[in-house]
Amino acid sequence: PHQKQQPQQNECQLEQLNALEPDNRIESEGGIIETWNPNNRQFRCAGVALSRCTLQRNSLRRPFYSNAPQEIFIQQGSGYFGMVFPGCPETFEEPQESEQRESRRIRESVQGESRRIRESEQGEGRRFRDSHQKVNRFREGDLIAVPTGTVFWMYNDQDTPVIAVSLIDTGSFQNQLDEMPRRFYLAGNQEQEFLQYQQQQVRGRGEQRRGREQQENEGGNIFSGFKRDFLEDALNVNRHIVDRLQGRNEDEEKGAIVKVRGGLSFVTPPERQSRHQGGSIIEEDEDEEDEWRRPHHQKSRRGEEEERPCRRGQKCERSN
Amino acid sequence: GLEETICTARLRQNIGSSSSPDIYNPEAGRIKTVTSFDLPALRWLRLSAEHGTLHRNAMFVPHYNLNANSAIYALRGRARLQVVNCNGNTVFDGELEAGRVLIVPQNFAVAAKSMSDRFQYVSFKTNDNAAIARLAGTQSTLSGVPMDVLAATYNMDRNEARQLKNNNLYKFLVPPRESERRAAA
């Protein structure tokens, strides 16, 4: 029943195709975001928009959501990402200090910062046990699927810069706005990467006054448009925290990607080692489901080695 | 077999006077939704609806529709609504009173605070299983993010990030503050 939005008439009457490079670049404190013009006819015909994000070491792409589903391909590097699914519980829980042997907390040790955190924790009497939704590890070659409206963040904890290419399917039935890709940032007051193309479109329609007004107001996050008293009531926090949330603090010129001093700390299972087998690398951290589906080599009646899938309920020679 | 499916399909569901709301807080109000799970006919129409009642000074936390546009029609009383677009601009900050409608596009953030003893609205949504994501309160987007990530995101210390995640104990509807309740009394 769900049909993809069809491109407008003549949008796909393309006589020639071109290989395109990104034509816009926004630099942030911790990296850059490059975008291809979604108003280009080739993109409009396909109903997609593309961007490329480069994250330096110890940099965090601040949380955002989009008006259409996304696929993100990790061209280079590795790190962590998180998605927040509305209504889902926080299933990653920090244990008591004594129980922390099993879980892994990543923290780059910068002495000053670690000391500051310890002091603030001591001030609270005991350490607060955090809980949050699932955090995942990504590495080169991974494809990450981000549903519409789901909050996404990513963090590079390695020396190699992370390069992530992301496609937004603006033609998807899940996008009920127009075909323009939109990022809704939860933090900062940076320009969102597709804003200038919206303005181009508005100007193209001759609505110059509205375009100018929009330009004057650009660069806020989803919280900055609410009045302070609304957010104080909704979050039950003081004005200082609301100012931070709205990106009103003085040093808030860091963009969509911020450098994290002292590294990040959150609970995540220990990484499993990859092992080499027959010249190929087998990752041991794949899902159990994948393990079941992986073909197992078995001898056929004729004595030849056959590749057969091992299904649930079947007796197969496999590790536990 | 059409007469066994379409002709006899259930096409009615009361949400206005429901005694079993989906979201309820005696100090703040109630919300009832009807989706294609409740009324299968809505699957053909790809529409759903929500009926809400907010007590004076109670608030519906900032949230956005993940997969639908919505048209909020005020039935009774009035409320202050704020709507924010993707650029962080306030696209609506005003009162919605009985008889008026406000369109809230998909993914735009919206919050409402009742200015009447009983603000009632019906919200029509353009998806048969419309879903919302909350930006404040328990199990909201903020509480799903690790504390350190929040602290780094907003350039605040862990204690402030902890407050941001945990201070509001309500999920959807926030009752009025004690001072507001006293003033109203």
Side-chain angles (χ1 to χ4, degrees), chain A residues 1 60 62-63 65 67 82 84 86-90 117 120-121 123-124 128 130 132-133 135 148-149 151 153 155 174-177 182-184 186-187 189 192 195 214 217-227 230-231 233-237 241 244-245 249 251-252 258 260 264-266, chain B residues 43-44 46 59 61-62 64-69 80 82-91 93 105-109 111 113 126-127 131-137 139-149 152-160 162-169 174 177:
Chain A
L60 170 75
R62 290 165 145 176
Y65 59 91
N67 61 326
V84 185
C88 290
E90 290 91 43
I117 289 166
S120 82
E121 284 163 2
E124 292 168 38
F128 178 78
D130 189 24
H132 50 80
Q133 288 196 18
V135 174
T148 313
V151 170
W153 57 268
Y155 174 62
Q174 292 184 10
N175 173 26
Q176 297 202 359
L177 300 177
R182 287 178 172 82
R183 301 274 199 220
F184 295 76
L186 263 61
N189 55 18
Q192 71 113 330
L195 176 65
Q214 206 171 13
N217 294 333
E218 73 188 24
N221 67 59
I222 201 71
F223 290 107
S224 53
F226 288 108
K227 295 287 173 279
F230 253 54
L231 290 180
D233 283 355
L235 292 152
N236 193 21
V237 292
I241 295 177
R244 297 266 172 190
L245 199 66
N249 32 327
D251 53 349
E252 197 47 73
V258 290
V260 183
L264 286 180
S265 169
F266 44 76
Chain B
R43 193 166 295 130
W44 310 333
R46 292 167 67 178
M59 188 178 197
V61 294
Y64 59 91
N65 287 297
L66 264 104
N67 52 3
N69 299 312
R80 184 178 171 199
Q82 289 179 10
V83 184
V84 182
N85 70 5
C86 64
N87 305 322
N89 297 329
T90 316
V91 289
D93 179 13
Q106 179 186 20
N107 292 166
F108 282 40
K113 191 170 185 177
T126 57
N127 190 308
I132 65 164
R134 287 164 292 111
L135 294 163
Q139 285 191 4
S140 65
T141 47
L142 291 181
S143 55
V145 176
M147 197 156 58
D148 263 29
V149 174
T153 295
Y154 294 113
N155 192 23
M156 53 176 60
D157 62 39
R158 285 170 64 88
N159 187 34
E160 289 171 328
R162 182 179 59 80
Q163 289 182 48
L164 199 55
K165 283 187 77 160
N166 299 296
N167 269 19
N168 178 3
L169 302 173
V174 182
R177 290 181 173 191

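FYI, side chains are in, hydrogens and waters are out, and symmetry mates aren't considered; it's all heavy atoms of this structure. Residue numbers begin at 1 in each chain, while the letters A, B, ... track the order of the sequences.
Here B:D93 contributes atom CG and A:F226 contributes atom CZ; the two are 10.0 Å apart, rounded to the nearest 0.5 Å. From B:D157, atom CG reaches atom CZ of A:R244 across 8.5 Å, with rounding to the nearest 0.5 Å. We find the CG-CD distance between A:L235 and B:Q163 to be 11.0 Å, quoted to the nearest 0.5 Å. Atoms CG and CZ, from A:L177 and B:F108 in turn, are 6.0 Å apart once rounded to the nearest 0.5 Å. Going from atom CE of B:M59 over to atom CZ of A:F230 covers 4.5 Å, rounded to the nearest 0.5 Å. Summarising the geometry, atom CG belonging to A:D233 is positioned 10.0 Å from atom CG belonging to B:N168; distances are rounded to the nearest 0.5 Å.
Chain B forms the most heavy-atom pairs under 4.5 Å with one residue out of A:V151, A:L231, A:L186, and that residue is A:L186. Interface summary for chain A: among B:P146, B:A133, B:A131, the most heavy-atom pairs under 4.5 angstrom belong to B:P146. Heavy-atom pairs under 4.5 Å with chain A were tallied for B:L169, B:V174, B:V61, B:L135; the largest tally goes to B:L135. For chain A, the option among B:V84, B:T90, B:N107 with the highest count of heavy-atom pairs below 4.5 Å is B:N107. Contact count versus chain B (heavy atoms, under 4.5 Å) is highest, among A:T148, A:V135, A:L245, for A:L245.
In this structure a side-chain-to-backbone donor-acceptor pair under 3.5 Å is present from A:Q176 to B:N67. The backbone N or O of A:V237 sits nowhere less than 3.5 Å from a side-chain atom of B:N167 that would complete a donor-acceptor pair. One N or O on the side chain of B:Q106 and one on the backbone of A:Q174 form a donor-acceptor pair closer than 3.5 Å.
In this structure, the portions of A:I222 lying under 4.5 Å from any heavy atom of chain B include both its backbone and its side chain. Using a 4.5 Å cut-off between heavy atoms, B:N65 makes no contact with chain A at all.
Scanning both residues, B:S140 and A:V84, for their nearest heavy atoms gives O-CG1, 4.2 Å. Scanning both residues, A:A187 and B:T153, for their nearest heavy atoms gives CB-CG2, 3.1 Å. Here the shortest heavy-atom pairing between A:A234 and B:P62 reads CB-CD, 3.4 Å.
Classified by interplanar angle (parallel below 30°, tilted 30° to 60°, perpendicular above 60°), the ring pair B:Y64/A:Y65 is parallel.
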Practice prompt. Start with the C-alpha distance between A:F223 and B:L142, add both sets of side-chain angles, then the distance that settles side chain to side chain contact (heavy atoms under 4.5 Å, CB included), and finish with yes or no.
Written response: CA-CA 12 Å; A:F223 290 107; B:L142 291 181; 4.1 Å; yes
Worksheet item: Between A:W153 and B:V149, is a side chain to side chain contact (heavy atoms under 4.5 Å, CB included) present by the stated rule, with each step listed?
Response: CA-CA 9 Å; A:W153 57 268; B:V149 174; 3.7 Å; yes
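Using a 4.5 Å cut-off on side-chain heavy atoms (C-beta onward), A:P63 and B:T141 make no contact. At least one side-chain heavy atom of A:P89 sits under 4.5 Å from a side-chain heavy atom of B:Q139.
The pair A:D130-B:K165 meets the salt-bridge criterion, since a charged nitrogen lies less than 4.0 angstrom from a carboxylate oxygen.
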